[in-house]
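Quick notes on the structure that follows.
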Amino acid sequence: MPKILYHRKAAVNIAAFLWNNIFQKIQKESELDMSRCCQNTVETDTSETLCPLCRQSGKGVKLITLKSLLKPSSLAKLQPKLNYSFCSTSHCDVVYYSELNTFRMQDLKVPVFQKDDGSEVPVCYCFGLSRASLISEAKANAIDFIREQVRENRCGCEVNNPQGACCLGNVSHVVQQLGMK
Ligand SMILES: [Zn+2]
């Protein structure tokens, strides 16, 4: 084989090798981008998480919260493979909903802070602070008290609070309304 042809063949092989590598890299990166893009779409797409009754957007809630707080007869209707959301609309009777079924206030063992303005309804479920107890002078530093419990990792909002998340925002709101801080 003439030397110049040999070199040309080697150059073509190297070019093909490089191109394949670059092409594969581009392909992998675009696949990654697509998966990120799809995840973002799911996370920001609120149309699928609208409460079927009030049509407001709800927040995803873990299954353990429903398992902890549904009454036995309602728990028997839970479909663990579905994704459930929490509806926080005060005038809406639906507490949890999914594509196929909903659970209403009567399905829960506890009253729901956002939907029941009774004085004995818990604001902080873990440590039993109701609206009434927040009014009492002794609980005026409730926010500091709860912050301390959070710091010490004593909170169990996932299994105690129907919203499945920290109550601190609710406590702050009630305390502000009471003009205590
Ligand atoms: Zn609702």
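When a ligand or atom number is given, it counts from 1 through the structure's own listing order.
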Of all residues at least two apart in sequence or in a different chain, which pass the side-chain contact (heavy atoms from CB on, under 4.5 Å) check with Lys59? none

Sequence neighbours excluded, which residues qualify as salt bridge (Lys or Arg N to Asp or Glu O under 4.0 Å) partners of Lys62? Glu158

Taking salt bridge (Lys or Arg N to Asp or Glu O under 4.0 Å) as the definition, give me every residue that meets it alongside Asp107, ordered by chain and number, with sequence neighbours left out. none

Give me the atom names and distance for the closest heavy-atom approach of Thr65 to Asn161. CG2-O, 3.6 Å

Starting at CD1 of Ile146, measure out to SG of Cys155 and round the result to the nearest 0.5 Å. 7.5 Å

Around the Zn ion (ligand 1), list the protein N/O/S atoms within a radius below 2.8 Å, excluding water molecules. Cys51 SG, Cys54 SG, Cys87 SG, Cys92 SG

From CA spacing to verdict: side-chain contact (heavy atoms from CB on, under 4.5 Å), Tyr96, Phe86: CA-CA 5 Å; Tyr96 302 119; Phe86 173 77; 3.7 Å; yes

